[in-house]
Amino acid sequence: MILLVASAPLVSADGLPLPSYQWPDFVGSANCAACHTGLQDAARNDVSIDTHWRSTMMANSARDPFWQAKVASEVSRNPHLQSVIEAKCATCHMPSARTQALGLSLPVAISGSGFLDPANALHSVAMDGVSCALCHQIADQALGQSESFSGGYTVDTTTASPDRLIYGPFPSPFTAQMRNNVGFTPVQGMHATNSALCGVCHNLWTPYVDAEGIVRGEFPEQMIYSEWEQSQYRRAPNARQCQDCHMPPAVGGVKLSNRGGPGLNMPARSPFGQHFFVGANTLLLDLFTNQIAPLALTASSAHFSATRQRAIAQLEQQTARLMVAEIGVGSNELAVALVVSNLAGHKLPSGFPSRRAWLHVWISDGQGAVFFESGRPAPDGSIAGNDADVDPARCEPHRQVIDQPGQVQIYEAIMQDTGAAITHTLLRAASYRKDNRLLPAGFDKTTAGPEIVPTADPAADADFQGGSDRLTYRVKTAGHPGPFVVRAELLYQTLARGFADDLFRDTGSAAASFQAMFDAADRTPVAIAQAAANVDPAAAARIGSPEPLADGSVRLPVFAPISSTNRVETAADFTRWTTLATLVQTSNPSYFLDPSSSNAAARFYRLRAP
């Protein structure tokens, strides 16, 4: 027997109620919420599953207007592959509807009379997103193995209710209520707390076509699980699962149901993973807050605001660290070495390749005037100096040294087609032109698989390693009095300007609708790490402008406090320093002669305390 959700009430700013339905293999999120709302932890915090889940990207995976526009765009550009595209995308964005359709030999489609059509029998199931009855029914079969990736999860559609198994992390669950109310038999399944469960959709291969539209292979659209496998968080002593960060534990134990009754003395269970599913998609969460009625969302503005604040907090507090590792000043130049560290268990950014992070650095002089700036964000979402935001056929290279304001370090994944042209069309993406996304700690570039290894430039960069990247800014200071103040921030953006512009050139209604919502949303990038330092040339021990001599050697004027001891060091690339001599300052300036410079390539000098 198939029972469909009743007619929904008019949606308001507070959102629709969660859908209630019962199909042979799935029930609605409202059916589950009947018992799993009104929950509290030991500190009396509200940890109701429905309260937290309903405003997440998981719950709204099918209502996401960017996803809907992107699917429509891919179909319009590859119409002969519509069924392939929609089946692939429904697998993880409308998983319950897709699984139920296959179990009942019904068509799997998104557009037209497919799942997005309110008249489609499985519409309510589809719009319930990645719901309770999907994740908790996934069996522990081949999880973490290649056959489970790209939506290769296993849900039993052969066992009749109420003997269908549903999995959770705790032993000896009460079974009668769930069998009677929702038609499932709960059992312990520890795979519910394992990263491999997340990997079924967050390791995703998508097909790609050549210029003639012929499928030529598969592209690693996102490999978050594989990135985690290459990190230090896969194993002791730093072992952490996806759920540890994205579903942080509640305080103490939680009674899992609000129902009681004779003989039902339900114990508090711990650890209880809060269903935050906190991620980094702050753009869509802001958009949702202001589009509740048009998108028929089932969460309130307060729900979305709380979820967005959790995302911002995680980005700001647990995602990255930025530090000024070194700062040096010469007569007419300032050198600043920055180190940015990735604290996440996967690449940063990770997931869909529309995301990017970059360094915004600006330097002011003693009068407060900014005389150097790299990576300034613009209100329209573009980045000053980014080659790709000027010409979509180009991309900003990975950088080790930045010495011009028109250069910027952007951590991103840029796709290219079979002809090596940059593309934003997923089905044309055969490989990555650029992938210098920050690696998680423990990641080894020499042993990582080809689907997750960085592209050539960051792979060859000795300062781009698992967990961090180091780069140097060399800035001319002539005409600017000190002291100098250096400020830097690592900014994050969900949807790169070029990616958005490519989508908006489509003429379909989905793209136009999303563009209107996008233009009205808060597109301010999130500052996920910050650093600052200052230096006064008048007080700093430093080397003046090198003076080339006729014999090819170089004389270096050295300025430092009298009687102080300092090392003169040199490097060819400002990263690998070698000590030339240790000097005791006897006058200002004193001089050091570097005879070896005549046999060396261009080299840099610095003065360091021993």
Side-chain angles (χ1 to χ4, degrees), residues 144 146 149 195 199 202-205 217-240 242 245 280 319-323 325-326 337-353 355-359 395-402 407-416 420 422 429-472 490 492 528-529 571-577:
S146 58
F149 301 152
S195 296
H202 293 291
N203 255 24
L204 177 60
W205 294 88
E218 288 190 313
F219 170 71
E221 186 252 52
Q222 60 179 279
M223 292 284 130
I224 302 177
Y225 177 75
S226 291
E227 294 162 11
W228 170 83
E229 280 196 306
Q230 282 289 320
S231 78
Q232 68 177 13
Y233 303 106
R234 183 189 180 188
R235 58 191 66 84
N238 301 298
R240 300 196 77 184
C242 305
C245 293
T319 301
R321 182 172 56 244
L322 182 62
M323 63 178 291
E326 188 173 348
L338 297 180
V339 173
V340 55
S341 300
N342 177 11
L343 307 182
H346 44 69
K347 290 182 181 180
L348 177 64
S350 194
F352 193 70
R355 303 170 180 181
R356 62 185 179 185
W358 72 96
L359 286 170
C395 71
E396 186 74 8
H398 173 77
R399 301 203 180 267
Q400 295 177 256
V401 175
I402 288 178
Q407 301 169 344
V408 56
Q409 182 74 313
I410 306 176
Y411 302 105
E412 60 186 346
I414 301 293
M415 305 182 296
Q416 65 180 6
I422 289 175
S431 60
Y432 286 110
R433 164 78 66 86
K434 173 190 178 185
D435 183 1
N436 71 331
R437 293 172 293 177
L438 290 160
L439 305 173
F443 191 105
D444 187 342
K445 294 187 294 186
T446 65
T447 61
E451 71 277 8
I452 58 172
V453 73
T455 47
D457 288 346
D461 180 356
D463 290 315
F464 183 86
Q465 295 291 342
S468 67
D469 179 39
R470 177 187 173 113
L471 72 157
T472 299
L490 181 67
Y492 169 80
I528 59 179
D573 59 1
F574 212 79
T575 59
R576 300 288 181 266
W577 293 94

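Nearest heavy atoms, Leu359 versus Val408: O-CG2, 3.8 Å. Pro353 approaches Met415 most closely through the heavy-atom pair CG-SD, 3.9 Å. Closest heavy-atom contact between Tyr492 and Ala280: CE2-O, 3.1 Å. Considering all non-hydrogen atoms of both residues, Pro458 and Phe464 come closest at O-CD2, 3.5 Å.
Not counting sequence neighbours, the partners of Cys395 by the side chain to side chain contact (heavy atoms under 4.5 Å, CB included) test are Ile414, Ile422, Arg433, Lys434. Checked against side chain to side chain contact (heavy atoms under 4.5 Å, CB included), Asn238 has the following partners two or more places apart in sequence or in another chain: Gln232, Tyr233. For Thr455, there are no side chain to side chain donor-acceptor pair (under 3.5 Å) partners, not counting sequence neighbours. Residues satisfying the side chain to side chain donor-acceptor pair (under 3.5 Å) test with Asn436, not counting sequence neighbours, are His398. Listed by chain and number, the residues in a ring-ring contact (aromatic ring centres under 6.0 Å, His included) with Phe149 are Tyr225 (sequence neighbours excluded). The side chain to side chain donor-acceptor pair (under 3.5 Å) search around Ser226 returns Asn203, not counting sequence neighbours. Shown here are the side chain to side chain donor-acceptor pair (under 3.5 Å) partners of Glu396, two or more places apart in sequence or in another chain: Arg399. Applying the salt bridge (Lys or Arg N to Asp or Glu O under 4.0 Å) test to Arg355 and every residue at least two apart in sequence or in another chain returns nothing.
Residue pairs meeting the salt bridge (Lys or Arg N to Asp or Glu O under 4.0 Å) criterion with at least one member in residues 219-230, sequence neighbours excluded: Glu229-Arg234. Sorted by first then second residue, the salt bridge (Lys or Arg N to Asp or Glu O under 4.0 Å) pairs that include residues 444-454, not counting sequence neighbours, number zero. Listed by first and then second residue, the ring-ring contact (aromatic ring centres under 6.0 Å, His included) pairs that reach into residues 443-462 come to none, sequence neighbours excluded.
The side-chain heavy atoms of Pro349 and Arg437, taken from C-beta on, include a pair separated by under 4.5 Å.
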Practice prompt. Show your working on side-chain contact (heavy atoms from CB on, under 4.5 Å) between Asp461 and Leu471 and close with a plain yes or no.
Written response: CA-CA 10 Å; Asp461 180 356; Leu471 72 157; over 6 Å; no
Worksheet entry | Stepwise side-chain contact (heavy atoms from CB on, under 4.5 Å) check, Gln407 with Val401 | CA-CA 9 Å; Gln407 301 169 344; Val401 175; over 6 Å; no
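Remark: side-chain polar atoms of Trp358 are not paired, donor with acceptor, to backbone N or O of Glu412 under 3.5 angstrom.
Going from atom OH of Tyr411 over to atom CG of Leu490 covers 7.0 Å, rounded to the nearest 0.5 Å.
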List the atom pairs, with distances to 0.1 Å, where a side-chain N or O of residues 338-348 and a protein N or O form a donor-acceptor pair under 3.5 Å, not counting sequence neighbours.
{"from": "Asn342", "atom 1": "OD1", "to": "Ala344", "atom 2": "N", "distance (Å)": "2.8"}
{"from": "Asn342", "atom 1": "ND2", "to": "His346", "atom 2": "O", "distance (Å)": "2.8"}
{"from": "Asn342", "atom 1": "ND2", "to": "Leu438", "atom 2": "O", "distance (Å)": "3.2"}
{"from": "Asn342", "atom 1": "ND2", "to": "Leu439", "atom 2": "O", "distance (Å)": "3.3"}
{"from": "Lys347", "atom 1": "NZ", "to": "Asp435", "atom 2": "OD2", "distance (Å)": "2.7"}
{"from": "Lys347", "atom 1": "NZ", "to": "Ile452", "atom 2": "O", "distance (Å)": "2.7"}

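Under the side-chain hydrogen bond (donor to acceptor under 3.5 Å, both in side chains) test applied with Arg470, the options Gln465, Gln400, Glu326 reduce to a single match, Glu326.
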